[in-house]
A.B. asks: 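There's a structure below that I have some questions on.
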Number of protein chains: 2
Amino acid sequence: MIEFSSSDIVVSLSAVIVSVENNRPRILILPSDDNKEYASLPSGPYSPESHRTLELGLKAWVKSRTGFDLGYVEQLYTFGNLFRSQILEEKGLRLLTISYLALIHPSEISEDYNACWQNYYNFFPWEDHRKGRAASADKLLEELYDWADEASDRVRRLERLERIQFAFGGGRWDPDRLLYRYELLYEAALIAEAVRDWNAWPEEERVRLPINRDNPGSLCCKVESGIPLMYDDRRILASAIGRLRGKLRYRPLVFELLPEKFTLLQIQNVMEAIDGVSLHKQNFRRLLLAEGLIKETGEMDRTSLGRPASLFRFRKSIYMERPQVRMGQGNN
Amino acid sequence: MIEFSSSDIVVSLSAVIVSVENNRPRILILPSDDNKEYASLPSGPYSPESHRTLELGLKAWVKSRTGFDLGYVEQLYTFGNLFRSQILEEKGLRLLTISYLALIHPSEISEDYNACWQNYYNFFPWEDHRKGRAASADKLLEELYDWADEASDRVRRLERLERIQFAFGGGRWDPDRLLYRYELLYEAALIAEAVRDWNAWPEEERVRLPINRDNPGSLCCKVESGIPLMYDDRRILASAIGRLRGKLRYRPLVFELLPEKFTLLQIQNVMEAIDGVSLHKQNFRRLLLAEGLIKETGEMDRTSLGRPASLFRFRKSIYMERPQVRMGQGNN
DNA sequence: TAATTTATACTCAAACAGAGTATAAGTCAA
DNA sequence: TTGACTTATACTCTGTTTGAGTATAAATTA
């Protein structure tokens, strides 16, 4: 029926584990140790003999390594292309990685385990527009225009300009296009991994040779384009955050990142942290209340400055009826 | 580094290959032969030694088997849970399936290869609401209410009713919830596969025991709930069509299913075929023209009855700038 | 020539999104 | 105790989008 063996394939599960603390969106990483130059995403083997489903396997593995019970878990993408792990490929093995997005509820987070959380904007500094357009976004944009000018002919140049426009410029900044931006930057060799991987790729598949104009001949990334990760882990991270941002807009996932009771501002802060944009407070409030997804508890939050805010709770019962959590745009 | 072997895993690539012909949305299937009771999706091995990427592997395999060059290809989901292939599991192997959605451009379709196309509403008869709400949707809804009544307690019953409401009833029919509906029907044992798989599952994981009230004791599905497929192929199909419907709303994928030049009605017909709903013609026109994704050719279509329609062409150049292809709702 | 069919233009009202003003209810520091 | 500051919440205004419908144009066929 299926006439092949797959002993030359190694299957792993990688997880992008997200939580939000104090307006900082963070992910769990395994820090680089002496042997490794790069940090990596938590990644474990897939053991069909001990787990009925992929997701259960992932949860069990994460639990055993970090002690965290994952809340929301969603499969993202399966990577199986060549040039992902040189070590395995030298042994004639192909690495197949099934990536997951997972959210951790604040109640799960114990103080004694604070080692490996990293603000994810460390990996995508151009993505945080909460205090106005990120400076690095504009710097990268300049670099991208240089890249467009290097195109071999006019059509190709225009195509590059169009992609740049779609990713970074034009009308409104779209947080959901994170992955698209990352891939464009990679292609333009403005991402450290692109430089690192340059030699591994066959000649005809290589991205632009990164040339530092100030120091011709050297391979380097001039601008702050974030911290690199192991293998293609930063790409996986990009797809996870992009997906999270998109999904937040039409499914009530925020509550997975909020305590049992919360104020409207807390919801807004989590949304803003993840999206990297700031929202119009009054309109955000209007939308949230119109949704009917939350219910007033009658209690007040007195921990913060200013007029106390009502505490709300998520109405799980109505979860399914109203899938939309729309959002406003723009600063106050 | 990754300390495990995966010789007990078998990896396959499955494809849901879609085209639209004459207002009928179709998929490619491998018909059941003498050995098999069920038809299945085209599915091939993943051979890392011969293909650089998963997608290239899929394309090559489909090309060799069917002669089709796939246009748009998108990875969907990777299935790796237990109870997917009894045959392999008896040998101690786990089947890992990476599923894909692929679209075939009409120009690719040769007349001599017409064997294996099937209208996908044959598998989801409750999904076609182009001529008003599908009769089978209402029949299934009745069955689902019976299922809700069978719940062990009040809370569980209300939860079921809520899910039923979300899937089938309430305000507006949402074509994007196809997968959700399929999974609900499966759980309520209204899908033939649920009955077929019933014995394979461990006791505590089983879905409802399907009882035909008219003929107590027998396992059966009373209503027309579509043609079953091999393994969990119909679930894969459901996720593919659901995804296609969703994506069509915010990416200009329709053009992958249309000839080089087309009338506005042709676009609408393809959209309606895939979504299974009918749209307001004038509003659809307004939206399409506002998008700027299409350009008039100046030519007219004289092949159909009535006033000739302008022929348009897809403006690829602007592809990236305007990702949205919104749609109106409702009948004329 | 009239009935039929499809295309296309235009109107109208309700709902919604973006932006802002106004006011309430707390804290904190002088 | 007052006034500056901070946050919450209510409400307004306007332009856009959406859903639904009317009107007219341009072809075919009986």
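Order of the sequence lines fixes the chain letters, A, B, ..., with proteins taken first and strands second; residue numbering starts at 1 for each chain.
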A.B. asks: Mind checking side chain to side chain donor-acceptor pair (under 3.5 Å) for B:Asn119 and listing every partner two or more places apart, or none if nothing turns up?
C.D. replies: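 Per chain and number, B:Asn119 pairs via side chain to side chain donor-acceptor pair (under 3.5 Å) with no residue.
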
A.B. asks: Can you check each nucleotide of nucleotides 23-30 of chain C against protein heavy atoms at under 4.0 Å and return B for base, S for sugar-phosphate only, - for none, in 5' to 3' order?
C.D. replies: -BBBS---

A.B. asks: How close or far is atom P of C:dC16 from atom CG of A:Leu289, stated in whole angstroms?
C.D. replies: 14 Å

A.B. asks: Checking A:Thr297 side chain against A:Leu311 main chain: does a donor-acceptor pair fall under 3.5 Å?
C.D. replies: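 Yes: the side chain of A:Thr297 pairs with the backbone of A:Leu311.
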
A.B. asks: Rounding to a whole Å, what distance do you find between B:Gln268:CD and C:dT8:P?
C.D. replies: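 Taking atom P of C:dT8 as the reference, CD of B:Gln268 is at 12 Å.
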
A.B. asks: Would one find a side-chain N or O of B:Ser310 under 4.0 angstrom from OP1 or OP2 of C:dT8?
C.D. replies: yes

A.B. asks: Provide, to the nearest angstrom, the distance between the CG atom belonging to B:Leu288 and the P atom belonging to D:dT17.
C.D. replies: 15 Å

A.B. asks: Taking side chain to side chain donor-acceptor pair (under 3.5 Å) as the test, write out the residues that go with B:Tyr77, two or more places apart.
C.D. replies: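 So B:Tyr77 forms no side chain to side chain donor-acceptor pair (under 3.5 Å) with any residue.
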
A.B. asks: Name each donor-acceptor pair under 3.5 Å that joins a side chain in residues 261-268 of chain A to protein atoms two or more places apart or in another chain, with its distance.
C.D. replies:
residue	atom	partner	partner atom	Å
A:Lys261	NZ	A:Glu299	OE1	3.2
A:Lys261	NZ	A:Glu299	OE2	2.9
A:Thr263	OG1	A:Leu265	N	3.4
A:Thr263	OG1	A:Gln266	N	3.1
A:Gln266	OE1	A:Thr263	N	2.9
A:Gln268	NE2	A:Glu272	OE2	3.1
A:Gln268	NE2	A:Leu279	O	3.2

A.B. asks: Does B:Arg235 have any side chain to side chain donor-acceptor pair (under 3.5 Å) partners at least two apart in sequence or in another chain, and if so, which?
C.D. replies: B:Glu183

A.B. asks: Just to verify, what does A:Arg307 make a side chain to side chain donor-acceptor pair (under 3.5 Å) with, not counting sequence neighbours?
C.D. replies: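 With sequence neighbours excluded, A:Arg307 shows a side chain to side chain donor-acceptor pair (under 3.5 Å) to no residue whatsoever.
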
A.B. asks: Can you find a donor-acceptor pair, distance only, under 3.5 Å between B:Gln282 side chain and C:dT11 base?
C.D. replies: no

A.B. asks: Ignoring backbone atoms, establish whether A:Lys281 has a side-chain N or O less than 4.0 Å from OP1 or OP2 of D:dA8.
C.D. replies: yes

A.B. asks: Out of D:dA8, C:dT6, D:dA20, which nucleotide sits closest to the side chain of B:Asn283?
C.D. replies: D:dA20

A.B. asks: Mapping B:Arg286 and B:Leu265 to their closest nucleotides on DNA chain C, which lands nearer the 5' end?
C.D. replies: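 Here B:Leu265 is the residue nearer the 5' end.
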
A.B. asks: What is the separation between atom CE on A:Met300 and atom P on D:dT6, rounded to the nearest whole Å?
C.D. replies: 21 Å

A.B. asks: Can you tell me how far P of D:dA20 sits from CZ of B:Phe284, to the nearest Å?
C.D. replies: 16 Å

A.B. asks: What is the separation between atom CG on B:Leu264 and atom P on C:dT5, rounded to the nearest whole Å?
C.D. replies: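 For the pair B:Leu264 CG and C:dT5 P, the rounded distance is 21 Å.
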
A.B. asks: Round to a whole Å and report the spacing from CG of B:Asn269 to P of C:dT6.
C.D. replies: 10 Å

A.B. asks: Would you mind reading off the distance between B:His280 atom NE2 and C:dA7 atom C1', rounded to a whole angstrom?
C.D. replies: 14 Å

A.B. asks: Is any side-chain N of the basic residue among A:Asp275 and A:Arg130 closer than 4.0 Å to the acidic one's carboxylate O?
C.D. replies: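 Salt bridge flag = no for A:Arg130 with A:Asp275.
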
